[in-house]
Amino acid sequence: VKPSATSLILDLLLAANRTQGLSVGELVAACHLFGLSDNSVRVSLVRLAAESKVEAVGRGRYRLGTQALDLAQDVSGWRDAGERVRDWQGDWIMVLSTSLGRSDRKALRRRQRALNLLGFTEWEQGVAVRPHNLKADLASIRQRLHGLGLERQAAVMVVSEVDEARAVAMRALWDVRAFNSVYRHTRVQLDDWLAQSHALSLDAAARESYLLGGQAIRHVVFDPLLPDPLVDVVARQRFFDAVRQFDEAGHVIWQRFFERQRAAA
């Protein structure tokens, strides 16, 4: 799926050196790989600058702005996702938002995104749960949820004793077969691509590494980090390792792409 100019710009600036940023010319050249026009890049930069999501770092150069840094920092934490879990003792974290309204669509989207990023899923309307297998304590989890957009009026608690019928129902909220399939099949896809990437042109390698890597990283960012025995945690860690290796290779490819662009400028 072709990215938008806005999403591509933000992704490239997230990966770029924050001091130097990227030039408009470099961003235009990158967007050309995906059939995006010069005008779409410039219009997106103006809009992103107005929203403080990008900022000038010199004449014709941009970096991430203040309004994009918090979420970018949180998303960029995907590299150590596998280190954020501990053994599960069978208890659950529960978020109650039943007292909060659902008419404010913007607030509802922020709330849902915060819950999704920390692996919560809806059990009943206004009740979201996840296994309490994160290393972070409850106060830290609550603070992170608030930082991501969950209203402070929502109750965040640990539930230690759940009857067996409800525990079975809660464990069934996630499609664990789908997660295990992603871990295995996407890892093979990434490894196979890396093995043959040397035969690709630089443009093709940059384009494909962005698309494949972006999809894989999204899987990691939104992975709920479920415990054993709900998912295959060994397969998950192998997948996470493969995504890190692929991302490092992608950074090298894009660095070569921008170096070629600067040399031609």
Side-chain angles (χ1 to χ4, degrees), residues 1-18 20 22 25-36 64 72-85 117 119 174-264:
V1 179
K2 184 171 76 171
S4 67
T6 296
S7 62
L8 182 57
I9 288 168
L10 289 175
D11 286 341
L12 292 173
L13 291 179
L14 174 60
N17 181 290
R18 175 142 175 84
Q20 297 177 346
L22 292 171
E26 289 165 345
L27 292 170
V28 166
C31 287
H32 282 177
L33 293 179
F34 300 91
L36 299 168
L64 282 185
Q73 184 177 10
D74 196 83
V75 169
S76 64
W78 66 266
R79 290 178 179 82
D80 63 358
E83 301 169 16
R84 297 203 297 265
V85 293
L117 278 168
W174 292 268
D175 186 351
V176 295
R177 287 187 179 180
F179 287 116
N180 287 336
S181 177
V182 165
Y183 300 151
R184 297 188 180 99
H185 295 150
T186 308
R187 177 175 62 84
V188 170
Q189 183 183 28
L190 297 178
D191 289 346
D192 287 350
W193 189 91
L194 284 177
Q196 57 82 45
S197 61
H198 64 279
L200 298 173
S201 69
L202 183 55
D203 286 1
R207 182 171 55 250
E208 292 179 17
S209 67
Y210 174 84
L211 294 173
L212 282 174
Q215 183 182 47
I217 289 170
R218 181 174 175 81
H219 282 308
V220 178
V221 169
F222 286 98
D223 190 277
L225 298 176
L226 298 174
D228 176 58
L230 273 66
V231 297
D232 186 339
V233 296
V234 173
R236 180 178 66 205
Q237 189 57 52
R238 287 175 178 166
F239 166 61
F240 286 180
D241 292 342
V243 178
R244 277 198 301 272
Q245 181 182 6
F246 190 93
D247 183 62
E248 290 169 4
H251 274 272
V252 172
I253 290 168
W254 277 93
Q255 185 176 8
R256 287 170 51 209
F257 175 85
F258 287 129
E259 285 174 352
R260 185 188 69 182
Q261 198 60 33
R262 285 191 288 269

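Hydrogens, waters and symmetry mates are skipped; everything else that's a heavy atom, side chains included, is used. If you're wondering where the values come from, they're calculated on a predicted model, not measured in any experiment.
- T186 is not listed as a side-chain neighbour of S181, based on a closest heavy-atom distance of 4.5 Å or more.
- Of the possible donor and acceptor atoms, one in the side chain of S209 sits under 3.5 Å from a partner among the backbone N and O of A205.
- When each of L8, L27, V28 is checked for a side-chain contact (heavy atoms from CB on, under 4.5 Å) with L36, only L8 meets the rule.
- Taking CG of L194 as the start and CZ of F246 as the end, the distance is 5.5 Å to the nearest 0.5 Å.
- Side-chain atoms of W78 and R244, non-hydrogen and from C-beta on, do get closer than 4.5 Å to each other.
- Here the CD1 atom belonging to I253 is positioned 5.5 Å from the OG atom belonging to S197, to the nearest 0.5 angstrom.
- Note that CD of E26 is 12.0 Å distant from SG of C31, once rounded to the nearest 0.5 Å.
- When the shell of 6.0 Å around CZ of R218 is examined, it contains 12 or fewer heavy atoms from other residues, nucleotides or ligands.
- Between D175 and R177, the closest side-chain pair of non-hydrogen atoms falls below 4.5 Å.
- Annotation for F34 and R207: closest pair CE2-CG, 3.5 Å, computed over non-hydrogen atoms.
- Classification of D232 and R236 as a salt-bridged pair fails, no side-chain N sitting under 4.0 Å from a carboxylate O.
- Remark: the D241 side chain and the Q237 side chain contain an N/O donor-acceptor pair separated by less than 3.5 Å.
- Contact of the R79 side chain with the D247 side chain is registered, since non-hydrogen atoms from C-beta on lie closer than 4.5 Å.
- Scanning all heavy atoms of the two residues, the minimum distance from Y183 to A235 falls at CB-O, 3.7 Å.
- Under the 4.5 Å side-chain criterion, counting only non-hydrogen atoms from C-beta, R260 is in contact with D203.
- Using a 4.5 Å cut-off on side-chain heavy atoms (C-beta onward), D223 and F239 make no contact.
- Atom CZ in R187 sits 13.0 Å away from atom CZ in F240 (nearest 0.5 Å).
- Side-chain contact between F257 and L33 is present, with at least one heavy-atom pair separated by less than 4.5 Å.
- Closest approach of V233 to L226, counting heavy atoms only: CG1-O, 4.0 Å.
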**Study point:** Criterion side chain to side chain contact (heavy atoms under 4.5 Å, CB included) on W193 and E208, from CA distance to verdict
**Key:** CA-CA 9 Å; W193 189 91; E208 292 179 17; 2.7 Å; yes
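- Across all their heavy atoms, G77 and R84 have their closest contact at O-NH1, 2.9 Å.
- Side-chain N/O atoms of D11 and Y210 include a donor and acceptor closer than 3.5 Å.
- Heavy atoms only, all atoms of each residue included: A16 and L22 are closest at CB-CG, 3.9 Å.
- Nearest heavy-atom pair across D191 and A242 is OD1-CB, 4.1 Å.
- Between L12 and W254 the shortest side-chain heavy-atom distance falls below 4.5 Å.
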